[in-house]
Amino acid sequence: MVHLKSIATLKPYRKSVYFFFLLSSVAGLLLLRLPFIVPCFHLLLPKIKQIKAKKNPASLVAAGLITGNLYVYRYAEDSEPQRVLKVRAHSESCRAVRFINEGRVILTGSPDCSILATDIETGSPVARLENSHEKAVNRLVNLTETTIASGGDEGHIKVWDTRQQTCCNSFKVHEEYITDMTFEPDSMKLLGTSGDGTLSVCNLRSSKVQTQSEFSEDEPLSIVIMKNGRKVICGTESGTMLLYSWGFFKDCSDRFTGLSPNPVNALLKLDEERVITGTENGLINQIAEHSEYPVERLAFSHDRKYLGSISHDSILKMWDIDSLLQDTGKKAEGKSAAADSDNDDDDMDMDMDKDDILPKSSKGTKRKNNGAGLDTTSDFFADL
C-alpha cells in the first residue's frame, strides 16, 4: 500500500452495482467490483468448516474498503460468487486485513488506531483493540498460529498474542510510517520497511531490534525474502530494487535500476528465484496490467491458481496463473549456494547473531508472455 499522502488525495468512487464474472477471453480473469477504493485484501486457504461449498471447501477473499467496511466473498471456479460477510469494521478506512485462527477470525487495521477481530461466521466482533498504535495502523502480518504483528504510521512495530489479546512485544524502531513487513519463521526475525528510508530486523526471541539499515534516499515500500532466506529484496519509491544479503543489512549489496521507473508498491514471491511486482502505473510485471491506477496489493490463492490484485479502480482482480506456475519449475535446484549468493567479504560488519545464518534451503488485460513467464526477474540473481 502506498503511503498516506497518496491515498488521502484520492476521492472515493460513487456506489456501483456489485458484479463478479468469469472473463474467459483473458485466461480466467475474475473481476469483483466494489463500491469504493480497496486499500487491502487477503485470500484464505480452503479449510473453513462454517462456510463451504457442497462439494469443495470454500475459498474466501476479504477486502477492506476506504469507507471502513469489510467484505468477504466466497468464490469457486465455474460458479457464482457469494458475499458471505459485510461488516462496518472501522470509522475510518480499512488499511490492513488478515485471516487468523485457521480462518475463523479476520483482523482489520485502520487509521482510527484500532485493530478489530471479527468472527467470520457471525460477523460479530470478537475483540477490538482501541488505540493499538499512536497513529494509523498501516500493516498486519501473520507470525505464528497465535501471534500477529502490526505496523503503525508512528513507525512502531508491535507483536500481539491473539489468545490473550495483548501486546507481547513493541519495537520503537522507525521514525516514519511502516510501509511493509515480512517474517522469517526459522530465525524468528521480523523485517520491516519504513518511510524513514530504512529497513529494520526485529528479533522476536530476544525482543530486541537486531539491526537497522543505513538511510536510503529511495524510500522502501515493499519487502520479500528470497533465495531460501539468503536474500531480501525491497521495492522502492523510485522503482529501484534494493537487494540485501541475509546478515548484512547495513547497506544493500546490489541495486537494480532498470526494471521499472515507477514506485514498486507490492512484491510477491513466485518462487525462490523470481518475484512478482505491482507498480504505481498499474502493471503486474510480466503477467498483467491491472489498470491505469497504482497496484496496491498482491496475493496468491491457497492453491496458487489465482493471483489477486487490487488498485484504485475499485476492482479486485484474480488472475489465473496456473499455466505460468507450471512453466516455472524448480530452477534453483542443483545450484550451489556459492554460485548463487553474494561474495560477502570478511571486512563487512556482521549485523546478525549466529542463528541468523539460515540453512540453504474495467481494463484488465493479460500481457503477452512469449513463453518467458517471469524470467526477467531471474536476472536479479543471474550475475551474483
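With rounding to the nearest 0.5 angstrom, the CG atom of L221 is 6.0 Å from the CG atom of N265. The distance from the NZ atom of K135 to the CG atom of D112 is 15.5 Å, given to the nearest 0.5 Å. From K250, atom NZ reaches atom OG1 of T198 across 10.0 Å, with rounding to the nearest 0.5 Å. Going from atom CG of L107 over to atom CH2 of W160 covers 11.0 Å, rounded to the nearest 0.5 Å. Distance CG/D313 to CD/E296: 10.5 Å, rounded to 0.5 Å. Note: S170 OG to H156 NE2 = 6.5 Å, rounded to the nearest 0.5 Å.
Between I284 and I276 there is a side-chain heavy-atom pair separated by less than 4.5 Å. Side-chain contact between S110 and V137 is absent, with no heavy atoms from C-beta onward closer than 4.5 Å. Taking 4.5 Å as the limit, some side-chain heavy atom of V275 sits within range of a side-chain heavy atom of M226. By the 4.5 Å heavy-atom criterion applied to side chains, P125 and L116 are counted as neighbours. A heavy-atom distance below 4.5 Å is found between the side chains of T67 and R88. Looking at heavy atoms from C-beta onward, L307 lies in side-chain contact with L268 at the 4.5 angstrom threshold. Within the 4.5 Å cutoff, no side-chain heavy atoms of E292 are placed close to those of N281.
Checking side-chain atoms of E184 against main-chain N and O of D186 turns up a donor-acceptor pair under 3.5 Å. Judged by distance alone, with hydrogens and angles left aside, the side-chain atoms of R98 form no donor-acceptor pair with the main-chain N or O of G109 at under 3.5 Å. Between the S222 side chain and the V264 main chain, a donor and an acceptor come within less than 3.5 Å of each other. At least one donor-acceptor pair under 3.5 Å links the side chain of R304 to the backbone N or O of L270. Checking side-chain atoms of K208 against main-chain N and O of S206 turns up no donor-acceptor pair under 3.5 Å. A donor-acceptor contact shorter than 3.5 Å links the side chain of S194 to the backbone of Y177. The main-chain N or O of L243 is never found under 3.5 Å from a side-chain atom of K231 such that the two would form a donor-acceptor pair. K86 places no side-chain N or O within 3.5 Å of a backbone atom of N69 that could act as its donor or acceptor partner.
Side chains of N262 and E280: a donor-acceptor N/O pair is absent below 3.5 angstrom, by distance only. No side-chain donor from either of H290 and S311 sits under 3.5 Å from a side-chain acceptor of the other. Side-chain contact check for T236 and S238: at least one donor-acceptor pair (N or O, by modelled atom type) lies under 3.5 Å.
Within 6.0 Å of the CD atom in E130, the count of heavy atoms belonging to other residues, nucleotides or ligands exceeds 12. Shown here is E175, whose CD atom has no more than 12 heavy atoms of other residues, nucleotides or ligands within 6.0 Å.
Taking hydrophobic clusters as Ile, Leu, Val, Met, Phe, Trp and Tyr residues chained together by side-chain heavy-atom distances below 4.5 Å, Y244 shares a cluster with L191. When hydrophobic clusters are built by joining Ile, Leu, Val, Met, Phe, Trp and Tyr residues whose side-chain heavy atoms come closer than 4.5 Å, directly or via intermediates, Y306 is grouped together with Y73. Under the 4.5 Å side-chain heavy-atom criterion for grouping Ile, Leu, Val, Met, Phe, Trp and Tyr, V105 is not connected to L70 through any hydrophobic cluster. Hydrophobic cluster membership is shared by F249 and I223, with clusters built from Ile, Leu, Val, Met, Phe, Trp and Tyr side chains linked at under 4.5 angstrom. In the hydrophobic clustering of this structure, V97 groups with V87; members are Ile, Leu, Val, Met, Phe, Trp, Tyr whose side-chain heavy atoms approach within less than 4.5 Å, directly or through other members.
Listed here is the closest heavy atom pair of S93 and P111: O-CD, 2.9 Å. T147 approaches D161 most closely through the heavy-atom pair CG2-CA, 4.4 Å. Between E145 and N101, the shortest heavy-atom contact is O-OD1, 4.3 Å. Closest approach of E289 and W319 over heavy atoms only: O-CH2, 3.8 Å. Scanning both residues, A89 and R128, for their nearest heavy atoms gives O-NH2, 2.9 Å. Shortest non-hydrogen contact noted between N169 and C167 is O-SG, 3.2 Å.
Hydrophobic cluster of V173: the remaining members, joined at side-chain heavy-atom separations below 4.5 Å, are V141, L143, I157, V159, F171, I178, M181, F183, M188, L190, L204, V209, listed by chain and number.
T179 pairs with exactly one of N138, D196, T193 by the side chain to side chain donor-acceptor pair (under 3.5 Å) rule, that one being T193.
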**Study point:** Steps toward side-chain contact (heavy atoms from CB on, under 4.5 Å) verdict (H133, S150)
**Key:** CA-CA 9 Å; H133 281 261; S150 61; 2.7 Å; yes
Review point. Could you walk me through whether T108 and H90 pass the side-chain contact (heavy atoms from CB on, under 4.5 Å) check?
Key: CA-CA 8 Å; T108 52; H90 298 279; 2.8 Å; yes
Practice item. May I have the step-by-step check of side-chain contact (heavy atoms from CB on, under 4.5 Å) for N142 and F99, ending in yes or no? Key: CA-CA 8 Å; N142 300 82; F99 288 100; 5.9 Å; no
Exercise for review: List the steps and the verdict of side-chain contact (heavy atoms from CB on, under 4.5 Å) for L242 and S216.
Suggested key: CA-CA 10 Å; L242 305 180; S216 171; 3.9 Å; yes
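Contacts of T146 classified as side-chain contact (heavy atoms from CB on, under 4.5 Å), with partners at least two apart in sequence or in another chain: T144, T162, R163.
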